[in-house]
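Single-structure report; data block below.
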Amino acid sequence: MFNDKDLILEAKHVTRRFPASGGRELTACNDVNLKFYKGKTLGLIGESGCGKSTFMRFLVALDKPTEGEIIFMGKDITKLKGEELRQMRQHVQMVFQDPSGSFNPKMKIRDIICEPLMNFGRIKASEKDAVARKYLEMVELPGEFADRFPHNMSGGQRQRIAIARAIALEPELIVMDEATCALDVSVQKTIIELVVKLQKEKNIAIGFIAHDLGLIQSFAHQIAVMYLGNIIEVLPGENVDKAVHPYSLTLLGAIFDTNMDFSKKIERLDSEIPSPLDVPEGCPFQTRCPKCMDICKKERPKLIQIGENHEIACHLFKEAK
Ligand code: SF4
């Protein structure tokens, strides 16, 4: 299912530390290794504040890790500067939870969609109308919307505009940060259907951040579960019911407990998530794990392969031979 010839971007040992008060350090991402493939979606899930958005921001060069590499098209993008960095940005686009924040409210939809194309000299001003209409149709909106302003549109329509703007540059990878969570469930579904359709047409890799496992497992090819900045399980989206890490099992159970809303407290876990400033030595999940053993308090479990495309960081499991 995942072929190395289709590898678009690889994060290697990515760690991000932030200085905190009292000379302490907050580790938002710890030794994250993930691969993104052409035409495939990687869904990154976890509770709010687990570090998933921090990680995805590295992929679009909005921030740099403290350690590690992000290899895209043969180059480590964490080292790019100036014009090389600017050129790279057209290949990796981002769609935010609230697209309004990235739109200039005084610009018409035509100019919003065409702005990145104009910035990279891909089209002339005289072509803007035809180009905007083409991309509006691609995201299943009427061409006449080119003359509207963002405030004249619904949340779902604005998210379609954000997607049109992102695909206009024909990127290799689109990062979607909780891109549907502010929408009604029925609108969410239509946006996901649109994303899946465009991905098939254009063979784009997608990194989709979500706190909703129920939503993401319906279309992600790979799911990575994050806990306190650590990737604790990676498995094919179609096999999400085969997740075995105690934390992943809690998330699966929480689909029913929280009506699939992971921004709510997960009631199945008795204790609070530790502060990211106070991550315990050993397994980060030990304070909440019903299966915690002595070794879990001393040794941080490494991510190991336990099946085809299935990795886990937990002392309960042994590496597949
Ligand atoms: Fe639980 Fe230990 Fe596995 Fe961590 S390593 S999830 S504490 S069993």
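In each ligand, atom 1 is the first atom listed, and ligand 1 is the first ligand listed.
- Atoms of ligand 1 lying under 4.0 Å from any heavy atom of C289, numbered from 1 in the order shown and given with element: 1 (Fe), 6 (S), 7 (S), 8 (S).
- In summary, the atoms of ligand 1 found under 4.0 Å from a heavy atom of P246, numbered by their order in the structure, are 6 (S).
- Close contacts between ligand 1 and H315 involve ligand atoms 3 (Fe), 5 (S) [criterion: under 4.0 Å to a heavy atom].
- Close approach to C283 involves these atoms of ligand 1, each under 4.0 Å from a residue heavy atom: 4 (Fe), 5 (S), 6 (S), 7 (S).
- Every atom of ligand 1 with a heavy atom of C296 under 4.0 Å away is listed here by number and element: 2 (Fe), 5 (S), 7 (S), 8 (S).
- By the rule that hydrophobic residues join a cluster once side-chain heavy atoms approach within less than 4.5 Å of another member, L141 and I192 end up as members of one cluster.
- The two residues K52 and I45 come nearest to each other via the heavy atoms CD-C, 4.0 Å.
- Ring centroids of F219 and F208 are separated by less than 6.0 Å, placing the two rings close together.
- Listed by atom number, the atoms of ligand 1 under 4.0 Å from L316 heavy atoms are 8 (S).
- Nearest heavy atom pair, residue G43 against residue I216, reads CA-CD1, 3.2 Å.
- Shown in contact with H245 at under 4.0 Å from a heavy atom are these atoms of ligand 1, numbered in order with element: 6 (S).
- Judged purely by distance below 3.5 Å, without hydrogens or angles, the side chains of Y227 and R288 pair a donor atom with an acceptor atom.
- Each of the atoms 7 (S) of ligand 1 lies under 4.0 Å from some heavy atom of Q286.
- Shortest contact from atom 3 (Fe) of ligand 1 to any protein heavy atom: C314 SG, 2.3 Å.
- Note on ring orientation: taking the six-membered ring where Trp is involved, the planes of Y37 and F2 are tilted (angle from 30° to 60°).
- Side-chain atoms of M56 and D177, non-hydrogen and from C-beta on, never get closer than 4.5 Å to each other.
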